*Asks:* 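Here it is: the structure, laid out below.
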Amino acid sequence: MSQIKYIIVTGGVLSGLGKGVTSSSSGLLLQCAGYKVTAVKIDPYLNVDAGTMNPYEHGEVFVMADGAEVDLDLGNYERFLNCDLTSDHNITTGKVFKKVIEKERRGDYLGQTVQIIPHIVREIVDGIKDAAKNAKADICVVELGGTVGDIESMPFMEAARLLGREEGRDNVMFIHTTLVPIVGSVGEQKTKPTQHSVKELQGLGIRPDVIVGRSDKKLDEDIASKIAFFADIPREAVISAPDARTIYEVPLIFLQQKVPELIEKRLGLKAKKPNVKKWRNFVDRITNGGDEVEIAIIGKYTSLKDSYISHEETLLYAGAVLGCKVKIRWIEAPDLEDSGSTDALEGVDGVIVPGGFGSRGSEGKIMAAGWARTNQVPYLGVCFGFQLATVEFCRNVLGLKDANSSELAPEGKNSVIDILPEQEGVKDMGATMRLGDHKVKLSKGKARDLYGKDEVYERHRHRYEINPDYIDKIEKAGMKYTGRDNGGRRMEVLELEGHPYYVASQFHPEFKSRPDKPSPLHLGLVKAALANKKG
Ligand code: GLN
């Protein structure tokens, strides 16, 4: 196999500068040039994975095909690079330390003093190399989470340096993303924070080859030259990353500044012209107008929009396919519940109740499901939204007033949603849910029409399910389970007869969406919302 090339993306000054977008945009351009590209995300926290983290702090927990619960950036990589990644592509401090400590206990290092250097660093380097190799990549983009200078990221910085040493300077390059703030009454771009972070990086033995300067506007020529001068790189290796209309525009901004050529030259690769026709067309479609539909997302962490990022992205893609704009109305489920009124929903063309956990806000979500059902407004329920739609139906159509999920009312008499049998007795919270890809068999109905096939694999993340004891009764009253698991026992999709679009799934269709392939169930929702609006 030929030598794999590595692009390490670091961040300076502060977090949230778009290292992920820098990484995925560079990766996409190289992919459009014909290279096989993969990505690794490094998260320097002690959690083994993102599964136990609060979405309010970290945004959505993304689920991969193999069931790994990971940082939402991995979702961006899958969507940009149109690939399915695995657990190995998210390296965390927790994962690395766990592995090294387990090895130590097993006796793999017998006789040695086990230390950050060399043992932890070795594990990181090997992890990156294995992920790249298993993906059969020509180029592996490695995003190093955190900011240069953080104590947490030190072992990873050292690993990046070592990777360069082992693989050779021609095969490993560094892109540093930094902030160029505009301050003062004259709106001057300031380079000092960048200077400091580049120095910090150099102090760790890493020389950036490309600097991406994030700023509200394009970098002034003299500012870009100044950055190039003190970082000791050519002027053309300083890239302007001004605020874009959408993250999907960034690859095009990079292309204009010849980022692929810079990378190819630095890594000794043949210069190939990226074919971005399809991408450009997609960007045109999402930035151009069209009819607008408004979809309410009833969530719990809606003030941090990234909590539902995969839903947002797939709605955007659905809009692009259907030639319309999808506006999202964010509704806090606990507020809906407290107000005791569905007024906040008035005027929306469709409703999504996404995945969720716990009692807080669950009654608000049930109210939204009921409002959409009785008002003939298109509804998509995902996971918790699937379970709660069933609860609402049982309460208000079957007349089981105390119907609930045993997650929310453990002692309740009518647990129409109950714990998965294999989950009983599970005590550990990390990576123990029913996770990842499982086969779903679809029978006649809207979901099967939208997927265009009767067997699909979709990603899961749940501990509870529809209680089989109630299925007959529910179906007789008009709510049909048109998707089931391979064994037929587990309910996966529900549809309401006689409603323009009332569809919900136990799985999370949003995790598999791609710019040119929105999740079929979201596409169906937006289509129905458009029809609903036109009346
Ligand atoms: N809390 C529910 C369960 O565990 C739903 C989970 C989800 O929405 N991801 O089954």
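Indexing begins at 1, ligand by ligand and atom by atom, following the structure's order. Only a predicted model underlies this, so the values are computations on that prediction, with no experimental measurement involved.
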*Asks:* Give yes or no for whether the N/O distance cutoff of 3.5 Å, strictly under, is met between Gly355 and ligand 1.
*Replies:* no
*Asks:* Hey, does Phe507 have a side-chain heavy atom less than 4.5 Å from the side chain of Asp437?
*Replies:* no
*Asks:* Among all the protein's non-hydrogen atoms, which is closest to atom 4 (O) of ligand 1, and how far away is it?
*Replies:* Arg463 N, 3.0 Å
*Asks:* Looking at ligand 1, would Glu465 count as a contact under a 4.0 Å heavy-atom criterion?
*Replies:* no
*Asks:* Quick check against the 3.5 Å criterion: does Glu475 have a side-chain atom that pairs as donor or acceptor with the backbone of Tyr481?
*Replies:* yes
*Asks:* Which residue and non-hydrogen atom of the protein lie closest to atom 5 (C) of ligand 1, and at what distance in Å?
*Replies:* Gly356 O, 3.3 Å
*Asks:* Below 3.5 angstrom, do we get any N/O pair linking Glu407 and ligand 1?
*Replies:* yes
*Asks:* Flag the pair Asp418 and Arg463 as a salt bridge only when some basic side-chain nitrogen lies within less than 4.0 angstrom of an acidic carboxylate oxygen.
*Replies:* no
*Asks:* Do any heavy atoms of Gln387 fall under 4.0 Å from ligand 1?
*Replies:* yes
*Asks:* At less than 4.0 angstrom from any non-hydrogen atom of His462, what atoms of ligand 1 do you find?
*Replies:* 3 (C), 4 (O), 10 (O)
*Asks:* Can you establish whether the number of heavy atoms outside Lys401 located under 6.0 Å from its atom NZ is more than 12?
*Replies:* yes
*Asks:* Look at atom 9 (N) of ligand 1 and say which protein heavy atom is nearest, naming residue and atom and giving the distance to 0.1 Å.
*Replies:* Arg461 O, 2.9 Å
*Asks:* Would you check if Ile466 and Phe386 make a side-chain contact, meaning some heavy-atom pair closer than 4.5 Å?
*Replies:* yes
*Asks:* Under a 4.5 Å cut-off applied to non-hydrogen side-chain atoms, are Leu442 and Glu492 in contact?
*Replies:* no
*Asks:* Quick one: which of Glu346, Glu294, Glu292 gives a salt bridge (Lys or Arg N to Asp or Glu O under 4.0 Å) with Arg329?
*Replies:* Glu294
*Asks:* Under the ring pair (Phe, Tyr, Trp, His ring centres under 6.0 Å) rule, what do His311 and His522 come out as? Steps first, then yes or no, please.
*Replies:* CA-CA 8 Å; His311 285 283; His522 289 76; 5.0 Å; yes
*Asks:* Quick check on contacts: which atoms of ligand 1 are under 4.0 angstrom from a heavy atom of His508?
*Replies:* 9 (N)
*Asks:* Return the closest protein heavy atom for atom 7 (C) of ligand 1 as residue, atom name and distance.
*Replies:* Cys383 SG, 2.9 Å
*Asks:* Does any N or O of ligand 1 fall below 3.5 Å from an N or O anywhere on Phe357, backbone included?
*Replies:* no
